[in-house]
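To start, the structure itself, in structure tokens.
By convention in this document, chain letters (A, B, ...) are assigned in the order of the sequence lines, proteins followed by strands, and residues within each chain are numbered from 1. Values in this document were obtained by computation on a predicted structure and should not be read as measured data.
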Amino acid sequence: MRRASWQEYQKDIASDKYYYARSCIRQNFFPGSERAFLDILHNDLGIDVFDDPLHTSCTGIGYHSDVVPLETIMTVVARQFALMAEAGYENFISSCITSFGIYNEILATWEEFPETEERTRRYLREATGRELVKPRSIAHTSDIIFHHREAIARRAKRRLVNVHTGEPLRVVEHIGCHYAKIFPKSGIGGSEFPYVLAGMIESWGGEVVDYPERRHCCGFGFRNYLVQANRGSSIANSHKKLESMAPYKPDFIVANCPGCTMFLDKWQYAIAEMEGTTYGADGRGIPVLTYEEMAGLVLGYDPWELGMQMHQVDVEPLLDKLGVEYDREAKYLGAGGKYIGKPADVAVNCESERRIYEIKR
Amino acid sequence: MENMTFFAPFTIPFIVGGVAMFVVIAAKWLLWLVRLPRVDRRLIRHNFFTRQTLLAVWEVFRESLLHVRIFRVNPVLGFMHMSLAFGWFLLIVVGWIETVAYLGWVWVPLQGHVFFKYFMPVNGIEGHIQLFEHLMDALLLLVLMGVALAWFKRLRSKMMGMRRTTKHVLFDRIALSALWFIFPARLVAESLTAAIYGGGGFLTGSIGGVLRDIVPSDMLSLAYEPAWWFYSAALGVFFAAMPFSRYMHILTEIPLIFLRRWSVRPTAERKSYDRFEVEACSRCGICIDPCQLQEDLGINDTQSVYFLRDRRYNMLSLKVANNCLMCGRCEQQCPVGINLATLRLNSRAKRRNIPHEGRYKYLRGVDRSSGSGRVGYFAGCMTSLTPGVQRSMEQIFAAVGEEVWYADKEGGVCCGRPLMLSGETDAARKMVAYNTDLFRRHNIELLVTSCPICLRVFRENYRLDGIEVLHHTEYIDRLIAEGRLHLKADGRTFTYHDPCELGRGCGVYDEPRRVIASVGELREPKHSRRDALCCGASLANTIIDDGQQQRIAKRMTTELEATACDTIVTACPLCNKAISRAAAHPAEDIAEVVAKNIVR
Amino acid sequence: MRNLNFGYGISSPRAINLDNNDLRKSNDIIREMPELQACIGCGSCTASCTAGNITSFNFRKLHTSVRRGEYQGAYEELSKCMLCGKCRLVCPRGINTRGLVMLIKRKLGDF
Amino acid sequence: MAKRVVIVGGGAAGMQTALELKARGIEPVIVERDIELGGKARGWHKLFPSFTPASDVMRPIADRIKAERVRCFYGQEVTAIAPDGVMLRSGERIPSDAVVVATGFTLFDAHRKQEYGYGLYDNVITSVDLERMMNSGKVLLTDGTEPRRIAILHCVGSRDEKVCQKHCSKVCCITGVKQAIELKEIFPTADVFNFYMDIRMFGPGYEELYREAQQRYNVHFVRGRISEAAETINKRIQIKAEDTLTGRPLKMTVDMLVLLVGMSANYENETLAATAGLSLAPNGYYRAQDSFLGAVRSEREGIFFAGAATAPKSLADTLAEASLTASAVDEYLRAKFNEK
């Protein structure tokens, strides 16, 4: 009954011929994930996805921080769409949840206030000489992976199962707020019960953890993080989520939003520093994965190829559970075997004296 | 006879008990006196060689021996106390004279006086004076009557005008039992002596005669020594228990009377003088009956007698200290004149009393007063809930053309008495300082208030030299007397309720009555003036709940309504609220009655 | 390592957390004065409050917070009360408000 | 000979019960303390929640009473009640086969809440005064001007232990909403503020009316009870309350303060109940046998209740209860006379 409600709402997703728009945060913090997305679609599934070098940031961070005006972002978005049409595509997919929200919001605004669309066309024409063509469909890249989850499952090298116990891994999924909280119809399962990540986890053999603060925001909230005076509030939200999920002993967290993945991962370090509290069954933190990393592991990709060395919380314990064979020494070797440097050990990856489970029990 | 040692083994209990008593009492008094604050010691030095000392001696005679004040409460009760105290005293005095009469001016140890009959069975003695025998018997009889009454009081207290008697502690019971036995034992011992050796007065002699006739003489001899042992033991036990029992009051009242005559008083802070007052309580229980908490609510652990008892034995709970209306009805009747309210207050002052830095900082710079004039009007917090009073006062001021400065028309700062009543004396000082400053700043010469609670604190705790403080009833009375305010007959009959703080608190009884009499007929309720009942809404009590307050108000209102008056009048906003709640018709304030009948 | 200064900390949550709040004192207070539970939050006490008209002192909010186990600052706040007793006169539920002030203060600090 | 039933009280409950009894062939006799019938509903302007003029309801009843020639005693106070008749103050006794107590309620005397200044300040009025004013067609301040700002205070003499009225009077909330709307209709530009502790909208159409007052008439609802009122120099009323939803003291000046006075039990209930051997509920109203099937029966055979004698009731409830009372009386009389 509960499960049904989480997958009740479905949306139409195109099956092929995608125009790919990248994410600012992910290119910097999880570059391997975007690479993996393209590889999975191209190499594993044989799907046409175009990664256009001409496209730019959607400027959503600037927009949500009140530095980019509405007219500007509309014009930038119109340009992306124009590029898509010029390249011969009509299914627009975005790697970023913020951008995904922006695209939906602007399309809806144009719908409600046609004069803004007219104005934007004019601006676009005057600035770039390009012509706005609205996409036939808009989807987030997690929607795409969700859409092809069964195909991936068929090609799976391993499932989300603890190889030592045979038990399914317990996975916390976290959906970015702008995925469906702005427009419930834009997300799979709607805003209250988004199914996009849960569907992948279930298809690949994992077990979804349902915990009290499941729907709560990670705390990024743009200005909440960008202004230092507000950061206490930002971290408090992640803290609340981690406190709430900890008793369920999740094996890892998977998120579909660049900011959430980053903050749920990195705030674990800050909380360890501030409070001495570390999460995870052995006090070594809860690894936070992108859905591409999760899919990549399932398909047998090398974790360092997936860029998992970029994580704050070490992923090795998870890899061991999954039975992934990896080269411990190769973790900090970049392209061509070049040593990229190794960060110092930090609180989150050491066993803490005050572990959450001991406090709760 | 010259070799008389005046010693027999049976006197040992008496001697031990007596010495113990004197040592303990002396130690107590000395300690309390030494610990007195410097101010009090200076008072004592200053007043020692004055008429006050002589007056104290006279008061000791009247109160410690004759118990005149208890006589006033109830003659039978007074007689009981008098016969015990004064009778015993005379027994000692006359006994001493008797010794002197027989032996001349020679030193006789104490037990020689007390057990004179034993050492000198007087029959056949040279110069035997029969008058002494009769006199001593008469005094013994007097004391025995007192003892009989005390027994009777235990059984049936109502006869003594007391519906309830005190519940006592263990030491009291020991001392009380010993006391009850002392005089009957003496009667038995002396009668036996008379039976064996002859002599004795009309009482012991006669009983002795009868005993001689009906009891075999060897039996008499057998009982003789034990009887004297028993008498001595009863005295010894009583003396030993006395400093720890309520009977401590017998002697403590004496220094208390002197100290009081020398103007030493209890204060808001506890001091060693309080011990004199606390231990001067005889636990007679006269304070129980006037207490409305007892009468109306059946609460019987908090009355002054229990409060003093608990405080004396260091078992005072906050609940007992706080559960008091401080109406002053018991204090009015206390035969020892103990300052019950002040002692109660300084017991409450145990609260962490240091106001933290910044407490009431918000008062700084606040001045919400309005108008200007020589006369200041402080309505009081409660008066803002009885706007009729405020309005009437304004009409009265207008009628006599008074220029008035209104201190708290737009809301003021509390006078501080409620805080004092709750034991927060230091915090209250901040209110006092604020208001004093406010009054001074506006250069008023006369301060009129409508709230008796404020009135009392203004008079007792504020230093308002140069500013006269009046309750509005006094002020109106003065206006009428000066011919500035003319009133017409109202045609209604009134019953006046004396607010505790105005009546017993400030001694204002006549002014309100004169004012009411000038507009209509005044009918007195059953309890009025000093004896007036409390409305139950008193700020002093933070323990009783709303329903209990209501019950107190209901009974006192019923009494007021029993006069069949048209209107109940009072002069306190709190009383007004309490009465209006319980009465068929709302009460009116004197100011309202007056304002309705002004002749312009 | 713990001495790192981030320039901010984890903000404490604003929610009244009845799971974590220590309700022992609150229960004590209610046991001694059960009528407190009869409060219907009409605000008469606060409206008539002598101190509350000069400061931000809000008796209704305060005793409600204390009942919920939110004691932080309650004692200091209560020190603003002048104990004048107007609130007791206007309370439609007959709550012994003055006694309550003293009770809460006693439980939260005095003695 | 027709069976006779004395009805104590000639208000809405008494009159309607009389008509219902008459319809069942029983002879009713009404004893009314006042010099005319109608009770509290007399002089009332309009009824909630439909704004029906009170006279539209009361006049037909009065006309029927006249047409049916119901016997009435006017200006007569009942001093004792028994199942076989009542005693009047005049000493006269009216024998009967059963008695219906329809003595209703007493309006709470707003003077008792002195802090609101009723009778003291010119423009502090009660809800009853307001009805009278509306009935006379003239709602004005005492100086003849129109109010621009009006406050309506709920629960005056209801739910207030300080005046020994612990119960809820049931009808005042909806009356307050009704009067707020009426005031807004008379003075569309005036601001109306309702100060309340709880809003209790239990009847059909009540909640809807509440919503209409909020939404359509822009009546302001402030959750806080006024604690005191004072008159300003220009005869306006300054009121103080706590706006409990913001947690701050609120102070405002209004031109008119309307006190929604509650329903108290009659003062005489105690003595009358004693003569009849009945008991009273803690709030002073008569105690019915139970709240369900015995709601109109007393604890004593042959004595019945109708209307607000047992609890605060709306006019609608009262009229509905009258037929219940009549059928209970009928049933009782049938049983009684068949036995004999």
Heavy-atom cut-off 4.5 Å, strictly under: side chain, backbone, both or neither for [X] against chain C?
| X | result |
| --- | --- |
| B:R368 | side chain |
| B:N541 | backbone |
| B:E410 | neither |
| B:L539 | both |
| B:I543 | backbone |

How far does [atom1] of [X] sit from [atom2] of [Y], to the nearest 0.5 angstrom?
| X | Y | atom1 | atom2 | result |
| --- | --- | --- | --- | --- |
| B:T542 | C:M33 | OG1 | CE | 7.5 Å |
| B:R359 | C:L78 | CZ | CG | 9.0 Å |
| C:L83 | B:E424 | CG | CD | 5.5 Å |
| C:M102 | B:R348 | CE | CZ | 7.0 Å |

- [ ] Determine the minimum heavy-atom distance between B:D546 and C:R88, stating which atoms define it.
- [x] N-NH2, 3.8 Å
Open item on the list: Strictly less than 4.5 Å between heavy atoms, which residues of residues 39-60 of chain C line up against chain B? Please order them by number.
Closed with: C:T50, C:A51, C:N53, C:I54, C:T55
Open item on the list: For residues 93-103 of chain C, which residue pairs pass the salt bridge (Lys or Arg N to Asp or Glu O under 4.0 Å) check, not counting sequence neighbours?
Closed with: none
- [ ] Could you tell me which portion of C:C81 (side chain, backbone, both or neither) has an atom closer than 4.5 angstrom to a non-hydrogen atom of chain B?
- [x] backbone
